[in-house]
Amino acid sequence: MRCATASLRCPPTRSASCTAVVSNTRWENVRVEQTDNLIDLQEDSPPSWRTAKNIATIREAYFTNISSDVKKVVSLRGRNATINISGVHFTNFTVQGNPVTSRTDPDASWNINSYVSNITFATAPTSEPPTPTTTPTSEPPARPAPAPSATR
């Protein structure tokens, strides 16, 4: 997993709240064996362990080579038109061995609201790259130059 970058947008007045922007978050090569929620990007309900409101926007979250042994909910929920999620990208996402190829794919369980946009799916080759081989040429190999002889 790679860390996200975040910035803070604050209005000029102190009484108004600031909005964080979380961008370019990457989850890579993750295998899930057991969980309550498979993926949980929810801006409309803060976690129970903190009292602060969710006021962050999420931009460009990448899930690459994610496999889950269990079919649990993928929750993508923005809070409103301003506090939203844009750009959630799945590459090689599988649930119980089945590739997930769309936001309506029945192999996964979805909870997505209208404040989420630009969800993409892709499959990439998972095989190893071919091993380079040498190609024979029609010309014989060059002969090494004779070594200089020592004369007395």
Side-chain angles (χ1 to χ4, degrees), residues 1-139 141:
M1 180 171 65
R2 293 183 185 170
C3 296
T5 58
S7 62
L8 204 55
R9 293 184 304 208
C10 295
T13 62
R14 291 182 138 190
S15 61
S17 58
C18 297
T19 303
V21 178
V22 180
S23 62
N24 295 312
T25 308
R26 298 179 185 276
W27 291 266
E28 297 174 340
N29 305 316
V30 177
R31 179 171 178 246
V32 178
E33 294 178 354
Q34 187 174 22
T35 186
D36 292 332
N37 296 314
L38 182 53
I39 295 173
D40 190 1
L41 300 179
Q42 291 190 54
E43 295 303 311
D44 61 347
S45 64
S48 60
W49 49 268
R50 66 176 166 88
T51 57
K53 294 180 181 179
N54 276 5
I55 54 171
T57 59
I58 296 174
R59 300 286 176 265
E60 309 308 326
Y62 297 89
F63 296 89
T64 304
N65 298 326
I66 308 297
S67 65
S68 177
D69 292 345
V70 294
K71 183 178 175 179
K72 294 292 186 170
V73 71
V74 175
S75 188
L76 308 173
R77 301 185 56 82
R79 184 172 179 189
N80 56 39
T82 306
I83 312 293
N84 55 33
I85 299 171
S86 176
V88 181
H89 309 286
F90 297 95
T91 302
N92 290 341
F93 177 39
T94 61
V95 174
Q96 296 177 326
N98 300 309
V100 177
T101 58
S102 75
R103 65 187 288 172
T104 58
D105 196 316
D107 291 317
S109 179
W110 300 98
N111 180 4
I112 304 171
N113 71 8
S114 62
Y115 303 117
V116 180
S117 62
N118 193 22
I119 302 171
T120 64
F121 295 84
T123 55
T126 57
S127 62
E128 293 293 319
T131 305
T133 58
T134 57
T135 307
T137 62
S138 59
E139 297 178 18

Engineer: With sequence neighbours left out, write down each residue that passes side chain to side chain donor-acceptor pair (under 3.5 Å) with Ser114, or none if nothing qualifies.
Structural biologist: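 Ser114 satisfies side chain to side chain donor-acceptor pair (under 3.5 Å) with no other residue.
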Engineer: Kindly give the heavy-atom pair with the smallest separation between Thr120 and His89, and that separation in Å.
Structural biologist: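 Shortest heavy-atom separation between Thr120 and His89 comes out as OG1-ND1, 2.6 Å.
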Engineer: According to the salt bridge (charged side-chain N to carboxylate O under 4.0 Å, His left out) rule, which pairs have a member within residues 83-109, sequence neighbours left out?
Structural biologist: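 Listed once each, the pairs would be none.
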Engineer: With side chains defined as the heavy atoms from C-beta onward, is the minimum distance between Asn37 and Lys72 less than 4.5 Å?
Structural biologist: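 No, every pair of side-chain atoms sits at 4.5 Å or beyond.
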Engineer: For Ser75, check side chain to side chain donor-acceptor pair (under 3.5 Å) against everything at least two apart and list the hits.
Structural biologist: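 Residues passing side chain to side chain donor-acceptor pair (under 3.5 Å) with Ser75: Gln42.
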Engineer: For Glu33, check side-chain contact (heavy atoms from CB on, under 4.5 Å) against everything at least two apart and list the hits.
Structural biologist: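 Scan of Glu33 (side-chain contact (heavy atoms from CB on, under 4.5 Å), adjacent residues dropped) gives Arg31, Asp69.
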Engineer: Check salt bridge (Lys or Arg N to Asp or Glu O under 4.0 Å) between Asp40 and all other residues, then give those that pass, not counting sequence neighbours.
Structural biologist: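 Salt bridge (Lys or Arg N to Asp or Glu O under 4.0 Å) check on Asp40 returns nothing, list empty.
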Engineer: Side chains of Thr91 and Thr123: closer than 4.5 Å at any heavy-atom pair?
Structural biologist: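 No, every pair of side-chain atoms sits at 4.5 Å or beyond.
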Engineer: List for me each residue that meets side-chain contact (heavy atoms from CB on, under 4.5 Å) alongside Val32, sequence neighbours excluded, and say none if there are none.
Structural biologist: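 Applying side-chain contact (heavy atoms from CB on, under 4.5 Å) to Val32 gives Val30, Thr35, Leu38, Ser68.
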Engineer: Mind checking side-chain contact (heavy atoms from CB on, under 4.5 Å) for Asn113 and listing every partner two or more places apart, or none if nothing turns up?
Structural biologist: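 Per chain and number, Asn113 pairs via side-chain contact (heavy atoms from CB on, under 4.5 Å) with Asp44, Arg77, Tyr115, Val116.
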Engineer: Applying ring-ring contact (aromatic ring centres under 6.0 Å, His included), can you list everything that pairs with Phe90, at least two apart in sequence or on another chain?
Structural biologist: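 Residues passing ring-ring contact (aromatic ring centres under 6.0 Å, His included) with Phe90: Phe63, Phe93, Phe121.
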Engineer: Can you measure from CZ (Arg79) to CD1 (Ile58) and round to the nearest 0.5 angstrom?
Structural biologist: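 That separation rounds to 13.0 Å.
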Engineer: Using a 4.5 Å cut-off on heavy atoms from C-beta on, say whether the side chain of Val74 contacts that of Asn111.
Structural biologist: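 Side-chain contact under 4.5 Å: no.
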Engineer: Could you tell me which residues satisfy side chain to side chain donor-acceptor pair (under 3.5 Å) with Asn29, sequence neighbours excluded, listed by chain and number?
Structural biologist: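 Per chain and number, Asn29 pairs via side chain to side chain donor-acceptor pair (under 3.5 Å) with Asn65.
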Engineer: Under the side chain to side chain donor-acceptor pair (under 3.5 Å) test, which residues partner Ser109, sequence neighbours left out?
Structural biologist: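 Ser109: no side chain to side chain donor-acceptor pair (under 3.5 Å) contacts found.
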